[in-house]
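Excluded from the calculations below are hydrogen atoms, water molecules and symmetry mates; all remaining heavy atoms, backbone and side chain alike, are included. Note that this is a predicted model, so its numbers are computed, not measured.
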Amino acid sequence: MSTTVRRRPDHRAGEHTVRLEYPGPNHAEGNSFIHAPGRRVLMLVDVIFAGWVPFSNLSLSAFVPGVLRAHEQALSYDFDHFVGGHVRLGGADVFTLPNAWAMAESLRLDLNSLGPFSTVP
């Protein structure tokens with residue numbers, strides 16, 4: 001599934017510019033990239049947890065394939081600093097199993113893939 005990034009008009013305040021770009025559904029409908037190119041800052045909340053594990057059930061993301069795609073899309077930006085939003089605890093010991101379950105459910109529901117349990121006509 002390809003997604004066209006919808007770019008909204010740049011917002012300017014003096015010499016500063018902020019760009020809002022919506023890459024399609026991911027964590028939540030409307031969750032957008034916020035890029036300050038002059039400051040080389042990128043913000044994407046609730047999708048990328050730099051150095052952390054996503055919260056339980058992949059942060060209750062609405063569209064897991066979009067969350068995975070957003071990681072790749074983020075790498076296309078020119079930035080030195082990243083703001084990811086919530087980072088309260090490491091979470092690997094708490095969130096690994098529910099995150100794996102959410103990923104398996106996304107494969108089944110969003111991508112219509114039942115893995116080894118599917119039947120091939």
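Looking at heavy atoms from C-beta onward, F79 lies out of side-chain contact with M43 at the 4.5 angstrom threshold. Two residues are said to be in side-chain contact when any heavy atoms from C-beta on lie closer than 4.5 Å; R12 and D10 meet this criterion.
Shown are L58, L60, N57; of these, the side chain to side chain contact (heavy atoms under 4.5 Å, CB included) with P98 is made only by N57. Exactly one residue among R40, E21, H35 makes a side chain to side chain donor-acceptor pair (under 3.5 Å) with Y77. That residue is E21.
In terms of heavy-atom proximity, Y22 sits nearest to N31 at CD1-O, 3.6 Å. Residues A102 and V64 come closest through the heavy atom pair O-CG2, 4.5 Å. Scanning both residues, H81 and R39, for their nearest heavy atoms gives CD2-O, 4.1 Å. Nearest heavy-atom pair across A70 and F33 is O-CZ, 3.7 Å. Of all the heavy atoms in S32 and P23, the pair that sits closest is CA-CD, 4.3 Å.
Using the six-membered ring where Trp is involved, F95 and F55 have ring planes that are perpendicular, over 60° apart on the 30 and 60° scheme.
The structure places CD1 of I48 at 7.0 Å from CG of L42, a figure rounded to the nearest 0.5 Å. Between atom CD of residue Q73 and atom CG of residue L44 there is a gap of 9.0 Å, rounded to the nearest 0.5 Å. Interatomic distance, I34 CD1 to R19 CZ, rounded to the nearest 0.5 Å: 14.0 Å.
By the rule that hydrophobic residues join a cluster once side-chain heavy atoms approach within less than 4.5 Å of another member, F63 and M103 end up as members of separate clusters. F82 is connected to V67 through a chain of hydrophobic side-chain contacts under 4.5 Å among Ile, Leu, Val, Met, Phe, Trp and Tyr, so both are in one cluster. Criterion: ILVMFWY side-chain heavy atoms under 4.5 Å apart, direct or through other members. Under it, V41 and V45 are part of a common hydrophobic cluster. Connection of L107 to W101 is not established within any shared hydrophobic cluster, with ILVMFWY side chains joined at heavy-atom distances below 4.5 Å, either directly or through further cluster members.
Checked for salt-bridge contact, E72 and R69 miss the test: no charged N lies under 4.0 Å from a carboxylate O.
Here the side chain of N99 pairs a donor or acceptor atom with the backbone of P54 at under 3.5 angstrom.
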